[in-house]
Amino acid sequence: MRVSDTSGQATLGLQAPVQEVFSSVQGEGVYVGKRQIFVRFAHCHLKCAYCDTPMTTPDGRCHVEPIPGHGKTLMLDNPLSAEALLGVLKPLLAQAKHHSISFTGGEPLLYHRYLQAVFKAIQQHHPSVKTYLETSGTQPDFLETVLPVTDIIAMDIKLPSTTHEAPQFDNHQAFYQLAKTRPQTELFIKLIVNANTPPDELEAVRTIVTDTQTPIIIQPETLLQDGPAQLRPLPPSHLLAMENTLAQWFADVRVIPQTHKMLQIL
Ligand code: SF4
């Protein structure tokens, strides 16, 4: 069924399970501190040991915070149509100046056709707001759908020392090479590290990331726990050695922990 977006042009008709929509500040990566709207999708194809994201809301509905920071939520039924999502984004965008809309998860690329339609509508109706994709960086086939309408990609390279899963290096390589075919799309890499991260995993990153100008963010692993966030113990000497190793190969290497957890905001 073809339906209309808010401008009356036939575009959409797609649905996806969305966990929450809220306005806050980015807590990770090169855009840390920037005002964003977050759209968090349900489900993921991976099982990272450090994952702190529920795969669905307890009631399965989409929780929307209509007034940023107030904590009160509206519930919408899932799956959410692309039109309904755009209808939620519009009043949030009107309440503050936002740098971008972060599509996160779970793994947002599981819903790549939905993303493509929503990103197109955002670029058409809100051209000053960037489309920002936070992804595990493991599904190049799905990236192909959305790359032409994606402004920024925050791409993980999953290190087995922290995920406790099998390496995804071949998928990361294909994903990175595809992302680099579109120069208009900004790309940076996020590495979750801990005290067990060995030098050969950093060597794998060097092989995958062929452009030495690609920013590399080292994000020390946060402990999974209730209450104030704490980093998993990581000797400073090890952290600085990893930073120095990567800085020999890449022009822009930064160590940034998850700051939104320190602020205890969404
Ligand atoms: S890719 Fe992200 S959402 Fe998926 S399991 Fe890993 S940390 Fe969790």
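Order of appearance sets the numbers: ligands from 1, and atoms from 1 within every ligand.
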* Structure fact -> Quick note on ligand 1: atoms under 4.0 Å from a heavy atom of Gly106 include exactly 3 (S)
* To do: Please work out which of the three classes, parallel, tilted or perpendicular, describes the rings of Tyr114 and Phe41, given edges at 30° and 60°.
  => perpendicular
* At distances under 2.8 Å, what protein N, O or S atoms surround atom 6 (Fe) of ligand 1? -> Cys48 SG
* Centroid-to-centroid, Phe103 to Tyr111, below 6.0 Å? -> no
* Scan residues 138-173 for pairs that pass ring-ring contact (aromatic ring centres under 6.0 Å, His included), counting only residues two or more places apart or in two chains. => His112-Phe142
* No-hydrogen, no-angle side-chain donor-acceptor test under 3.5 Å, Thr138 and Gln168 -> no
* **Pair Asp156 + Lys158, salt bridge at N-O below 4.0 Å** => yes
* Might you work through the side-chain hydrogen bond (donor to acceptor under 3.5 Å, both in side chains) test for Thr214 and Tyr176, ending with a clear yes or no? => CA-CA 10 Å; Thr214 304; Tyr176 179 84; 2.7 Å; yes
